[in-house]
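Each remark here refers to the structure printed beneath this line.
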Amino acid sequence: MKALRCHAHGAPEDLIVEDVPLPSPGPGEVRIRVAAAGVNLPDALIIQNLYQLQPPLPFTPGGEAAGWIDAIGEGVTGVSLGDRVAAMTLAGAFAEHVVVAADRLIAVPDGVPLGVAAAMTMAHGTAYHALAQRAAVQPGETVLVLGASGGVGLASVEVAKAMGARVIAAASAPDRLALARERGADVLVDYEAGDLRTALREAQGTAGIDVIVDPVGGSLAEPAFRSIGRNGRYLVVGFAAGTIPAIPLNLPLLKAASIVGVLWGAFTVREPEQHRANMATLYAWLLDGRLQPLISRRFPLADAAQAIRLMMDRKAAGKIVIDVCADGPDRRP
Ligand SMILES: NC(=O)c1ccc[n+]([C@@H]2O[C@H](COP(=O)([O-])OP(=O)(O)OC[C@H]3O[C@@H](n4cnc5c(N)ncnc54)[C@H](OP(=O)(O)O)[C@@H]3O)[C@@H](O)[C@H]2O)c1
C-alpha cells in the first residue's frame, strides 16, 4: 500500500510517499481502508519530533482517519466488513490503510461524508469535550475562542454556537475572522490589530467572559485571562504559538476563575462511551445543519506533505483533508 513516510525528523518536504507492506490487524484490532484523513497541527509537530507522543522512526504521520473496515482481527465483535468508521490514530492515517484498536472506532452514520467525518474527529471532538465536559457551557454564556479560524478554533466557534453561547472570535486577520463570522461568531476581535485586553473589554464590558478556549497560548493567554469573569473557565487546549504561557496564580484568585486543562486524546481512551456519545451528538448536529465544518483545502495522498507545510506556516484555515482512497464499498468519500 502507499503511505506518506517519515524516515528522519524534519520538514514536510523530507516526507516521501512509498510502498509499505499492508498491515494486518492483531487481536482486538481492525484495519481501515482510509477514504480520507484530517490534517492537524500535531502532524506538523510529530514529524519534527516536537510532539509529546512520538512514534519510533520510520513512521507514517496522520492523526485521524475515516473509511471502511476492510479486515477484522481476532476477538473483535460488533463490527462488519465495509462499516463506515472514523478513528483517532495519533499516527498512520496518511496511508491507504491503517490499523486501529476496535474499541477506538466511531461509527459514521449514513449521510455524513467520510471526508467530513475525517475532519471532525479531532477538531470538533476536542471542541465539544472542552466546552461540554470541561467547561459545562450553558446557553447564554459568552465564549471567547482564540485562534478562531484554525481547526480546533473554528470548530469551537461552531460548537459553542450550537450550545447556545454568545461567541467572541479572536484571530489574526480580517479574512480569518470572516470565516468565524460565517460560522456564527457574534463579535470579532483582531488580535494583531490592537491590544487584546482593550478589545475584549469593549466586547464584553465589565461582566467578564464566561469561558475562554485557548488553542494558541503564547502572549495571548494573559490578556485573555485578565478578561475572564467570576466563575469563568479558561480552557487550556494547545500552544500553536509555540510558547507555553505562565499565568500569575494571583489572577485565578482575584477573578474567582478556573484554569481547566483539556486532554482530549486521553479522554477518548479513558471514557470511550462518552467520546462516542460526543461524536454522535456532533454528527446529529451536522445532519440537522447546525454544524458546517469548513474544509478549506483537499489534497491527494501524493501531496499530503504540502498540506502539513500549510499547517506549519500558519496558512491553514478550518480543516485540510487528504483524500486517500475513493474505492470503498459505498464509493461516497
Ligand atoms: N488539548 C487537546 O486535547 C488538543 C486536541 C487537539 C489539538 N490540540 C492542540 O491545539 C492546537 C491547535 O491545533 P489545530 O490543529 O487546531 O491547529 P491550527 O488549525 O493550525 O490552528 C491554530 C491557530 O492558532 C493560531 N496561531 C497563532 N500563532 C500561531 C503560530 N505561531 N503557528 C500556528 N498557528 C498559530 C492560528 O490562527 P491566527 O493565525 O489567526 O492567529 C491558527 O489558526 C495545537 O497546539 C494542538 O496540539 C490540543
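For ligands, and for the atoms within them, numbers begin at 1 and follow the listed sequence.
- Following chains of ILVMFWY side-chain contacts shorter than 4.5 Å, one can reach V108 starting from Y128, so the two form part of one hydrophobic cluster.
- If you check each of V237, L41, L263 against atom 48 (C) of ligand 1, the one with the closest non-hydrogen atom is V237.
- Residues E158 and P293 form a side-chain contact, since some pair of their non-hydrogen atoms from C-beta on lies under 4.5 Å apart.
- In this structure, A203 and R166 approach most closely via the heavy-atom pair O-NH2, 2.9 Å.
- Residue-level proximity to ligand 1 for S172 is carried by backbone and side chain together, each with a heavy atom below 4.0 angstrom.
- Inclusion of L45 in the set of residues having an N or O under 3.5 Å from an N or O of ligand 1 is not warranted.
- Here the closest heavy-atom approach between residue G318 and residue L154 is recorded as CA-CD2, 3.9 Å.
- Every atom of ligand 1 with a heavy atom of M311 under 4.0 Å away is listed here by number and element: 18 (P), 19 (O), 20 (O).
- Salt bridge status for K161 with D186: present, with a side-chain N to carboxylate O gap under 4.0 Å.
- Here the heavy atom of the protein found nearest to atom 6 (C) of ligand 1 is T126 OG1, 3.5 Å.
- Nearest protein neighbour of atom 16 (O) of ligand 1, counting heavy atoms only, is V152 N, 2.8 Å.
- Protein heavy atom at the shortest distance from atom 21 (O) of ligand 1 is G150 CA, 3.5 Å.
- Polar contact check, M122 against ligand 1: no nitrogen or oxygen pair lies under 3.5 Å apart.
- Considering only non-hydrogen protein atoms, atom 26 (N) of ligand 1 sits nearest to R314 NE, 3.7 Å.
- Of all atoms in ligand 1, numbered sequentially from 1 with element shown, those under 4.0 Å from a heavy atom of A171 are 40 (O).
- Ligand 1 has no atom lying under 4.0 Å from any heavy atom of G242.
- Using a 4.0 Å cut-off between charged side-chain N and carboxylate O, R276 and E273 make a salt bridge.
- Among all non-hydrogen protein atoms, the one lying nearest atom 47 (O) of ligand 1 is P42 CG, 3.5 Å.
- N40 places no side-chain N or O within 3.5 Å of a backbone atom of P42 that could act as its donor or acceptor partner.
- When atom types are taken as modelled, the side chain of R31 and the backbone of P23 share a donor-acceptor pair closer than 3.5 angstrom.
- Assignment of F267 to the shell around ligand 1 is not supported, since no heavy atom sits closer than 4.0 Å.
- Scanning all protein heavy atoms for the shortest distance to atom 25 (C) of ligand 1 gives V216 CG2, 3.8 Å.
- Ligand 1 has no N or O atom lying under 3.5 Å from any N or O atom of A173, backbone or side chain.
- E192 places no side-chain N or O within 3.5 Å of a backbone atom of A173 that could act as its donor or acceptor partner.
- Closest to atom 22 (C) of ligand 1 by heavy atom, among S296, P215, G238, A240, is A240.
- Of all protein heavy atoms, the one lying nearest to atom 3 (O) of ligand 1 is W264 N, 2.7 Å.
- Proximity to Y191 (heavy-atom distance under 4.0 Å) selects the following atoms of ligand 1: 37 (O), 38 (P), 40 (O), 41 (O).
- Each of V213 and L220 belongs to its own hydrophobic cluster when Ile, Leu, Val, Met, Phe, Trp and Tyr are linked at side-chain heavy-atom distances under 4.5 angstrom.
- The hydrophobic clustering, which links ILVMFWY residues whose side-chain heavy atoms are closer than 4.5 Å, places L144 and L251 together.
- Looking only at atom types and distance, the side chain of E271 has no donor-acceptor partner in the side chain of H129 under 3.5 Å away.
- For atom 19 (O) of ligand 1, the nearest non-hydrogen atom of the protein is G151 N, 2.7 Å.
- Distances below 4.0 Å separate heavy atoms of F239 from the following atoms of ligand 1: 45 (O).
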